[in-house]
Amino acid sequence: MFTTARKLVALSRSELLLLGTTTVLLLTSRALLTLVGLDRTHRALDRLVRVLPPYTTVRDPDTIPWAVAVMGAYVPIYFSCLMRAVVGERLFAANGHQTEIHFGVAKDDEFEAHAWVERRGEIVIGELEEGEHARFQPLYSYRPR
């Protein structure tokens with residue numbers, strides 16, 4: 001607990017704002033994906049991300065996957081890979097970075113699905129253990145307008 005508090009105190013104001021915005025977007029995506037589906041959730045997050053802090057461009061795009069991973073781990077609610085991918089994609093887009101959400105499925109002993117975000121052909125959100133992505137057959141890529 002104290003270690004987490006020390007880590008928070010060490011963060012910059014812009015990092016704290018990004019974590020707060022990410023938390024709001026993750027919670028919103030969790031509710032909306034269940035109720036209204038991907039397209040409407042995407043549009044709602046697009047509007048929301050424009051009015052939430054940090055209000056300025058995130059200087060280092062690597063802080064976006066960091067914020068999604070940190071808040072996905074510390075908020076005591078389950079956020080699926082799809083929720084994380086949609087939020088990450090919207091944060092990248094709001095900061096002028098083009099990304100694409102990919103959906104894939106795997107059928108080993110049981111059916112599995114996974115969503116991840118790629119930027120410039122590299123996975124930035126939704127990375128799995130080494131070699132795990134090879135199990136997933138890509139089905140669809142979602143590049144928002």
Side-chain angles (χ1 to χ4, degrees), residues 1-8 10-12 14-50 52-54 57-145:
M1 176 84 167
F2 291 113
T3 305
T4 303
R6 281 190 197 113
K7 288 179 183 177
L8 281 174
L11 295 176
S12 69
S14 63
E15 289 170 327
L16 289 170
L17 288 171
L18 179 59
L19 288 175
T21 296
T22 303
T23 303
V24 170
L25 294 175
L26 281 168
L27 292 169
T28 303
S29 74
R30 179 168 172 81
L32 291 180
L33 280 168
T34 304
L35 297 172
V36 298
L38 180 59
D39 285 332
R40 289 170 118 185
T41 298
H42 193 266
R43 286 193 302 269
L45 292 181
D46 189 43
R47 287 189 295 272
L48 192 55
V49 77
R50 293 171 196 265
L52 291 172
T57 303
V58 174
R59 288 189 196 126
D60 181 5
D62 290 339
T63 59
I64 293 170
W66 166 80
V68 172
V70 166
M71 296 322 297
Y74 281 98
V75 175
I77 296 173
Y78 173 74
F79 297 110
S80 69
C81 57
L82 177 58
M83 294 168 194
R84 293 171 194 233
V86 171
V87 167
E89 186 281 325
R90 282 296 78 203
L91 285 168
F92 273 112
N95 287 282
H97 302 284
Q98 178 126 17
T99 58
E100 203 170 46
I101 300 174
H102 294 271
F103 302 91
V105 294
K107 174 102 172 72
D108 295 330
D109 293 333
E110 58 187 53
F111 177 83
E112 288 181 74
H114 185 54
W116 64 95
V117 176
E118 288 187 10
R119 178 173 177 248
R120 298 181 181 159
E122 185 177 318
I123 299 170
V124 290
I125 294 176
E127 180 66 56
L128 298 173
E129 301 274 329
E130 176 106 18
E132 282 290 300
H133 269 282
R135 293 185 321 109
F136 289 91
Q137 178 67 38
L139 284 181
Y140 181 70
S141 295
Y142 184 79
R143 181 176 289 164
R145 297 176 219 120

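Put simply, the side chain of Val58 does not reach to within 4.5 Å of the side chain of Phe92, judged on heavy atoms. Put simply, the side chain of Arg135 does not reach to within 4.5 Å of the side chain of His114, judged on heavy atoms. Here the side chains of Asn95 and Pro61 are not in contact, with every heavy-atom distance at 4.5 Å or above. Side-chain atoms of Ile123 and Val117, non-hydrogen and from C-beta on, never get closer than 4.5 Å to each other. Within the 4.5 Å cutoff, the side chain of Glu15 has heavy atoms near those of the Trp66 side chain. Two residues are said to be in side-chain contact when any heavy atoms from C-beta on lie closer than 4.5 Å; His102 and Pro138 fail this criterion.
Considering CG of Leu82 and CZ of Arg30, their distance stands at 12.0 Å, rounded to 0.5 Å. A distance of 8.5 Å separates CG of Leu27 from CE of Met71, quoted to the nearest 0.5 Å. Note: Leu25 CG to Leu18 CG = 9.5 Å, rounded to the nearest 0.5 Å. The CZ atom of Arg50 sits 7.5 Å away from atom CZ of Arg90, with the distance rounded to the nearest 0.5 Å. The distance from the CD atom of Glu112 to the CZ atom of Phe136 is 4.5 Å, given to the nearest 0.5 Å.
The environment of Arg59 atom CZ is sparse: at most 12 non-hydrogen atoms of other residues, nucleotides or ligands sit within 6.0 angstrom.
Closest non-hydrogen pair, Thr99 versus Arg143, comes out as O-CG, 4.2 Å. Met83 and Leu26 get closest at one heavy-atom pair: O-CD2, 4.1 Å. Scanning all heavy atoms of the two residues, the minimum distance from Gly88 to Val68 falls at CA-CG2, 4.0 Å. Across all non-hydrogen atoms, the minimal contact from Leu38 to Phe103 is CD2-CZ, 3.8 Å. A pairwise comparison of heavy atoms in Ala113 and Cys81 identifies O-SG, 4.5 Å as the closest pair. Nearest heavy atoms, Leu45 versus Ser29: CD1-CB, 4.0 Å.
Checked against Thr22 for a side chain to side chain contact (heavy atoms under 4.5 Å, CB included), the options Leu91, Leu52, Leu17, Val49 give a single hit: Leu91.
Between Asp39 and Arg43 there is no salt bridge, since none of the side-chain N atoms of the basic residue sits less than 4.0 Å from a carboxylate O of the acidic one.
Ring planes of His42 and Tyr142: perpendicular class, angle over 60° (limits at 30 and 60°).
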